[in-house]
Amino acid sequence: MVIKEEILHSVGASIKHYRTSEFIFQEGDLPNYYYQIIKGDVKLNNYNEDGKEFIQNILSEGQSCGESLLFIEKPYPMNAEVLKPCTIFKLHKDTFFQLLNSSSKLCLKISNFLAQRLYYKFIMMQNISNQNPAVRLTGLMDYLKSFQNDERLYSFMIPLTRQQMASLTGLCVETTIRIIKVMERNKVVRIKNRKILY
DNA sequence: TCATTAAAGTTAT
DNA sequence: ATAACTTTAATGA
């Protein structure tokens with residue numbers, strides 16, 4: 001959790017509900033609010049000229065989205081699209097900055113969260129610049145699995161569709177499926193009713 | 001080798 | 001029902 005719910009309540013953050021595939025904000029919009037997810041999943045993405053999607057990130061409960069843009073006077077370079085129905089705290093940026101001014105502890109919290117997002121970007125950029133699609137996919141899976149303590153083989157169920165994995169790694173779905181099949185043959189993953197165990 | 005296209009089956013809304 | 005996802009196969013860069 002980035003900012004405690006009590007604090008957000010106390011400064012008058014509103015609570016908004018979003019349905020699946022709704023946009024919280026879109027590329028080009030000017031950032032005016034701090035958003036923190038209470039429940040649900042959000043993806044940050046871009047669509048290229050041919051309509052192909054690239055997912056920058058998937059965020060869930062307790063995380064904030066698009067907060068980095070509040071610190072610079074620039075429009076959003078990505079969309080925030082709802083994956084699973086969301087309940088979200090919405091706080092005007094002025095109040096958000098007042099809050100930061102009042103608490104160095106909160107500043108650290110935000111810095112920590114930003115650093116985590118940056119870390120993910122580093123890892124994924126490293127992966128994606130690798131030409132080998134198997135490396136890209138294992139890189140993604142390693143990152144996701146790193147948040148659970150159980151390191152045993154097949155102990156982690158990838159919470160993504162193959163479509164999403166493809167969009168996160170810049171591969172096409174078919175390639176993703178093919179590579180995952182090879183991994184299954186090589187005992188790198190197991191597949192249990194279409195879910196990938198890693 | 002991987003992306004793209006097409007086609008068909010499966011699952012989710 | 002209809003859209004979204006999964007899978008296989010053929011073809012081309």
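Not measured: the values here are computed from a predicted model. Numbers restart at 1 for each chain; the letters A, B, ... are given by sequence-line order, proteins then strands.
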Between [atom2] on [N] and [atom1] on [X], what's the gap in Å once rounded to a whole number?
X         : N       : atom1 : atom2 : result
Ile196(A) : dT7(C)  : CD1   : P     : 8 Å
Asn132(A) : dC2(B)  : CG    : P     : 7 Å
Gln164(A) : dA12(B) : CD    : C1'   : 13 Å
Lys43(A)  : dC5(C)  : NZ    : P     : 7 Å
Ile180(A) : dC5(C)  : CD1   : P     : 16 Å
Arg19(A)  : dA3(C)  : CZ    : C1'   : 17 Å
Lys195(A) : dT10(B) : NZ    : P     : 17 Å
Glu184(A) : dT7(C)  : CD    : P     : 9 Å

#### Entry: Closest non-hydrogen atom pair between Phe89(A) and Leu8(A), with its separation
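Closest approach of Phe89(A) to Leu8(A): CD1-CD1, 3.5 Å.
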Which nucleotide wins on minimum distance to the side chain of [X], given the candidates [options]?
X         : options                 : result
Gln163(A) : dC5(C), dT8(C), dC2(B)  : dC5(C)
Arg194(A) : dT10(B), dA3(B), dA6(B) : dT10(B)
Ile177(A) : dA3(B), dC5(C), dT7(C)  : dT7(C)
Pro133(A) : dC5(C), dT4(B), dC2(B)  : dC2(B)
Ile179(A) : dT5(B), dA3(B), dC2(B)  : dC2(B)

Please determine if a side-chain N or O atom of [X] lies less than 4.0 Å away from the OP1 or OP2 oxygen of [N].
X         : N      : answer
Arg162(A) : dT7(C) : yes
Thr161(A) : dC5(C) : no
Lys52(A)  : dA3(B) : no

### Task
For Gln131(A), answer base if it contacts any base atom (sugar-phosphate contacts may also be present), sugar-phosphate if it contacts only those atoms, and nothing otherwise; contact means non-hydrogen atoms under 4.0 Å.
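Answer is nothing: Gln131(A) stays at 4.0 Å or more from every strand.
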### Parallel, tilted or perpendicular: ring planes of Phe147(A) versus Tyr143(A), cut at 30 and 60 degrees
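Ring orientation of Phe147(A) relative to Tyr143(A): perpendicular.
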### Message
With salt bridge (Lys or Arg N to Asp or Glu O under 4.0 Å) as the criterion, how do Asp150(A) and Arg152(A) come out once you've worked through the C-alpha distance, each side chain's angles and the decisive distance to 0.1 Å?
### Response
CA-CA 6 Å; Asp150(A) 194 341; Arg152(A) 287 172 306 179; 2.6 Å; yes
### Task
Find out whether Ile179(A) and Leu171(A) are in side-chain contact, i.e. whether some heavy atom of one side chain is under 4.5 Å from a heavy atom of the other.
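Ile179(A) vs Leu171(A): side chains apart.
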### Task
Measure the shortest side-chain to side-chain distance between Thr95(A) and Leu99(A) over non-hydrogen atoms and say whether it is less than 4.5 angstrom.
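Contact flag for Thr95(A)/Leu99(A) side chains = no.
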